[in-house]
Amino acid sequence: RHATMARSAELTAIVLDMGPSMLMPQRNGRSHLENAVDAIDHFVQQKVLHTKKDEVALITFGNEETENELAGDDDYQHICVKWPMAVPSLDLMRFLRDDLAPSDEPVPTDFVDALVVGMDHLIKASGTKKCALKIYMFTDAGSEVNPDELDRIINGLKLSNIDLRVIGVGIEDDDDSDSDDEEKEDQVEMTETQKANVAIIKRITEAVGGETYSFTTALDLLSQFRKRTIKQVTTFRGCLEVADWKIPVYCYTQQKREPRPSMKKLSALVELDPADPESGKVDRDVTYHLLDDDDTEVDKEDLIKGYKYGRDIIPWEKIHEENLGLVTEKGMHVICFTPAANVPRYQHYGDSLLSLSNPPEDAVAAKAIAVLARALVNTNSVAIVRYVFRAKAAPKLGMVFPDISSKREGLYYVSLPFREDVRAFEFGSLASFQPSAEQSTAVDNFIQSMDLMTGYIDEDGDAVEALEPERTFNPAIQMFYQCLHQRALNPDEPLAQLDASIAAYISPQPKLVKESEEAGKELKKHFTLTAKAKRTKVTGAEMFGADVPIAKTAKAADGAPDADSADPASFSMAALMQDEVTSVGSTNPVQDYLTLVSSKTQDNLLRASQQMIGRIHDIVDLYSGGDTGYFMEMVKALRTELMPTQPSVFNDFLTELKSELQKHASLRQPFLSQLTSNNLTLISSADSSASTVTPGEAAAFFDESGPATNQAEAAPEPEPEDDEDLLDEL
């Protein structure tokens, strides 16, 4: 991103001809009106994305309707202000797409009258604002025109300082003889009326210094990407200190990496109001709790920072932080001067470049900066500085280097890394490989064949620089805007394919591909590649010959816990290396569930609990005998976490589970027996004040547990054997 001087707001009146001749299809099957609407849509899209203060109005002529402030009995008829002057929005883009349509019986209308209405609306909308005024008029000049008032109109445009741009048929510049066939179709088969009107248009534009374009040229220009103009503000105002010499300087951001626009979180549970950007705003609520049984909440005022020192946590109060913190003062101090060769390009740090200029109307500071810049150039040196952009800010290490050109004699600043910011990576030495002369030549030729300085052919057939930074836009950001536009207007449709102009940025230049083809073949010839055999993976048991019990291996493969991993707090390298928990898994469901509900929010608790209930049902449904796995631990964890605030969720789940177990008692008896023996019953009002179940109902929940349980209870207990009988058996 290049910072430029902030411009004033622009007020633009778009005057669109919707007369009969604009509706006639051309050779390519499209009408001039369709091309004009496409160009206007691109124009409005750029305004919506990149400007905040610009305003746009849409005025049509050639329809049956009349709606403007100048309309009289016979004056300014069939001219309508469709969209009054306002900041462009999605509503205007939707209007252009869905609601802008010609009338059933278009009426030929004088475009000079429409131009006057556009001037009037533009001047009244500007009022006392200090802004640039522009008129874009789209017409094919196919209607009769009254030229009597042209001089008055020209004087009005000059006095109001209105920039006029006319887009239409056959009104491009006369010297534009290099236009392609698609543009030339706008020039052929013009009627006598059109030829006369084109002469009138050129007379007006030449008198006011306006510009004219064909429909095809305008559509191409307006569909191109635009730079976003930003307000230029100072990042630092202070002195550049060289020993006892102080130079007042202003620092501006010259270049900065442009991040992708940030998203805002909006609630999907409320109906968004397009007029109120705060209608779906989500507020973040953070609470702090003690790790006790009651999860006691702690006020933020009662918190204090602490640092681990061994096994202890040492409290660190704010007063200690202020006393031991580094206190810095605002300024830029030169530490030393060094040859420019000592600071290679790859050591430039950060994502911004600052321009150092003199304060306005300070000729002495301007002369001092120019002297220092020339001294650095003459000695081929740079200045190493300590930079603090505001008081109490962390100091930065940077470099000040000169910029001498025909436009300015100034300085630039770029950050440099500290020692701990440098990452020294060690790679294998290439000393054992000595390339042959043929290999070196092949590499040199391959690099030269992809030289970007002559990698693009311009309109005149000359080789120029490809991917010039000033003209190359960030494809990721442009693709983001394209998807945003598509989603805003068509929320239910899939995203569009990558735009051809964006794809050109990330695709090799055809000229470079063609020129490097032979060099690439020569490079491949001198550097042969052989496939390396893939190494087979060896397990630890195979490597060290460990004797792993087959039963334990099979059990681990099934995902069942063993004695060593049953404790969730047990240490393991797998636990340290596992990914972030986002859902309750099947490998360690209890630990996953406790991790998810640790945030103490009701949304997380309910969502994680539903996932845990699903896992419990999976264990029950897939059970075919043997170990019941984590069943009891999962039910206990679910009951413990839901007891304080959501007991009804657990009670509903347990009631449903009991019904399911009783329905298939012959296959699910182990689960029912575990619940009964562990007295894992409903959560009663004695357990949680939020429960509506009485203690008596909870105690009697498993009294009737189904046929299998009743049979087990009804079976007669064996009578104890007599002691003498036991001695006889011994």
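FYI, the numbering just counts along the sequence from 1. Computed over heavy atoms, backbone and side chain alike; hydrogens, waters and symmetry mates excluded.
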**Asked** What orientation do Tyr252 and Tyr250 show, parallel under 30°, tilted 30 to 60°, or perpendicular over 60°?
**Response** perpendicular
**Message:** If the condition is side-chain contact (heavy atoms from CB on, under 4.5 Å), which residues does Ala476 pass it with, not counting sequence neighbours?
**Reply:** Asn474
**Request:** Return the minimal non-hydrogen interatomic distance between Pro261 and Tyr481, and the atom names on each side.
**Result:** CG-OH, 3.6 Å
**Contacts of type side-chain contact (heavy atoms from CB on, under 4.5 Å), residue Leu495, not counting sequence neighbours** = Cys483, Gln486, Arg487
**Asked** Residues two or more places apart in sequence or in another chain: which of them pass salt bridge (Lys or Arg N to Asp or Glu O under 4.0 Å) with Asp403?
**Response** Arg408
**Spacing of Leu596 atom CG and Glu641 atom CD [to the nearest 0.5 Å]** = 11.0 Å
**Asked** Tell me the salt bridge (Lys or Arg N to Asp or Glu O under 4.0 Å) pairs involving residues 337-355, sequence neighbours left out?
**Response** none
**Prompt:** Taking only residues two or more places apart in sequence or in another chain, which ones pass side chain to side chain donor-acceptor pair (under 3.5 Å) with Thr338?
**Reply:** Asn342
**Prompt:** So which pairs with a foot in residues 675-694 pass salt bridge (Lys or Arg N to Asp or Glu O under 4.0 Å), sequence neighbours left out?
**Reply:** Arg639-Asp687
**Prompt:** Quick one: salt bridge (Lys or Arg N to Asp or Glu O under 4.0 Å) partners of Glu321, sequence neighbours excluded?
**Reply:** Lys305
**Complete:** Hits for salt bridge (Lys or Arg N to Asp or Glu O under 4.0 Å) against Lys330, two or more places apart or cross-chain, chain-then-number order -> none
**Message:** List the residues meeting side chain to side chain donor-acceptor pair (under 3.5 Å) with Gln674, not counting sequence neighbours, and say none if there are none.
**Reply:** Thr628
**Item:** side chain to side chain donor-acceptor pair (under 3.5 Å): pairs with one or both residues in residues 379-389, sequence neighbours excluded
**Value:** Thr379-Ser381
**Message:** Can you list everything that forms a side chain to side chain donor-acceptor pair (under 3.5 Å) with Arg607? Sequence neighbours excluded, please.
**Reply:** Asn604
**Item:** For the student: nearest non-hydrogen atoms of Pro589 and Met612, plus distance
**Value:** O-CE, 3.7 Å
**Tyr593 and Asn588: CA distance, side-chain angles, deciding distance, side chain to side chain contact (heavy atoms under 4.5 Å, CB included) verdict** = CA-CA 9 Å; Tyr593 175 70; Asn588 196 355; over 6 Å; no
**Asked** With sequence neighbours left out, what residues match Ser691 under side chain to side chain donor-acceptor pair (under 3.5 Å)?
**Response** none
